[in-house]
Amino acid sequence: MKNLVLWRSARISTLANKGWGLIDNGALLTLGEHIEWVGPVNEMPVELRERVATEHDLGRTLITPGLVDCHSHLVYAGNRASELELRLRGISYEAIAQAGGGIRSTVAATRAATEQDLYDVAEQRARRLMAEGVTTLEIKSGYGLSLEAEARCLRVARRLGRDLPLSVQTTFLGAHTLPPDFDGRVDAYIDAVCEWMPQLHAQGLVDAVDAFCDHIGFSPEHTRRVFDAARALDLPIKLHAEQLSNQHGAAMAASLGALSCDHLEHLSEADIPLMRRCGTVAVLLPGAYYFLRETRMPPVTALRAAGVPMAVSTDHNPGSSPSLSLLLMASMACTLFRLTPLEAVQGITLNAARALGLHDRGQLVRGQRADFVAWNLEHPNELAYWFGHHAVMRTIQGGRERP
Ligand code: NIG
Ligand code: FE
């Protein structure tokens, strides 16, 4: 039976076996949404060649796995450009938040928006990321902070995954900040988040659960209650950890089997072996570091030495990282955090997929999803080299070329 699609004439960076995995004059065979074979074209087994139904010439482009953005807050209304001016005048992110700006101001705008308005702005943002080769995107809630508004934001995220040629993973971030209607009642709010969670999950809206553990977010004890509720539902957990202060949230999350801990500027080196043992991915967010003009780097050298997988993401949000370029983040991961170009590229593909608990993507090997990007580049290290513009030629999502 002829059922394979041949993608030929490419230089392929498979990212297999911990390196670039370069194959010159390579080809891929796909069957439906998956990769059936990949290798040098002259090594293609005859019996597979005979099953080819359709052929595509990739025109000697460079092929890499589709990009994975594993941490975004894509669904919100309004923007916070005025806070940039305040911060440049010396008012801190924390002070703005404590004065009722920050996350709470985006919550007010998001609650006031209709579901269709939220969809329209989020769709535009998703398309910007897709234009850069993103094939899998995580989207968090966290700007609704009521059962109804969180559900609305998660429905928007789900709908994006249905309507666009894009895999969307949803994350419930009810524990993002204390909403004004719960002022002075943190315990009651955490109870509410734990009650909403099974309801949202029952509607098929939740793939994972996140929290913001920090002095302007929630304590490790409150975060722990949210995680216990998630674990009771068998939902994977992840954490905004040690962004502005060290709460040892990363160690707590890792000990509960967290998929990832994200930000980590204030992570203490003593907590790193636990992350390694528990298989927790360190998600680095250089956009937030840059935009908040932070000076304390995440402990990259120690994470590397311990063998903790590192991912890199946009953290797209209106307050700390209003960027829609994952490739710019790869560049910044190198220049600001000193990742190697290979680490940065693994960070926006393979390790980003692991940070989402996805093992079916991130590398171009047999059995993986046929999500790949054709670039007008010679070598994949250029993905972390050029910045502010990109070189995507074609994107193949689940074995089908995006229009
Ligand atoms: O990942 N740190 C918490 N959450 C977001 C920022 C949210 C906001 O400022 O609106 C982050 O940086
Ligand atoms: Fe975030």
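For ligands, and for the atoms within them, numbers begin at 1 and follow the listed sequence.
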Pro165: which residues meet the side chain to side chain contact (heavy atoms under 4.5 Å, CB included) condition with it, sequence neighbours left out? Met130, Gln397, Arg402
Just checking Trp375 against His390, ring centres under 6.0 Å apart? no
N-O pairing of Glu148 and Arg152 below 4.0 Å: yes
Asp69/Ser313 under side-chain hydrogen bond (donor to acceptor under 3.5 Å, both in side chains): CA gap, chis, key distance, verdict: CA-CA 5 Å; Asp69 191 353; Ser313 163; 2.6 Å; yes
Inspect the contact between Asp371 and Arg400 and indicate whether a charged nitrogen and a carboxylate oxygen are less than 4.0 angstrom apart. no
Taking the six-membered ring for Trp and the full ring for Phe, Tyr or His, determine whether the centres of His240 and His73 are under 6.0 Å apart. yes
Sorted by chain and residue number, the residues with a non-hydrogen atom under 4.0 Å of ligand 1 are His71, His73, Arg80, Tyr93, Ile103, Tyr143, His176, Phe212, His240, Gln243, His263, Asp315, Asn317, Gly319, Ser320
Residue pairs involving residues 180-205 (criterion ring pair (Phe, Tyr, Trp, His ring centres under 6.0 Å); sequence neighbours excluded): Phe182-Tyr189, Tyr189-Trp196
Around the Fe ion (ligand 2), how many protein N, O or S atoms are there at under 2.8 Å? 4
Taking the side chain from Thr170 and the backbone from Leu205, do they hold a donor-acceptor pair closer than 3.5 Å? yes
Can the ring centroids of Phe227 and His222 be said to lie less than 6.0 angstrom from one another? no
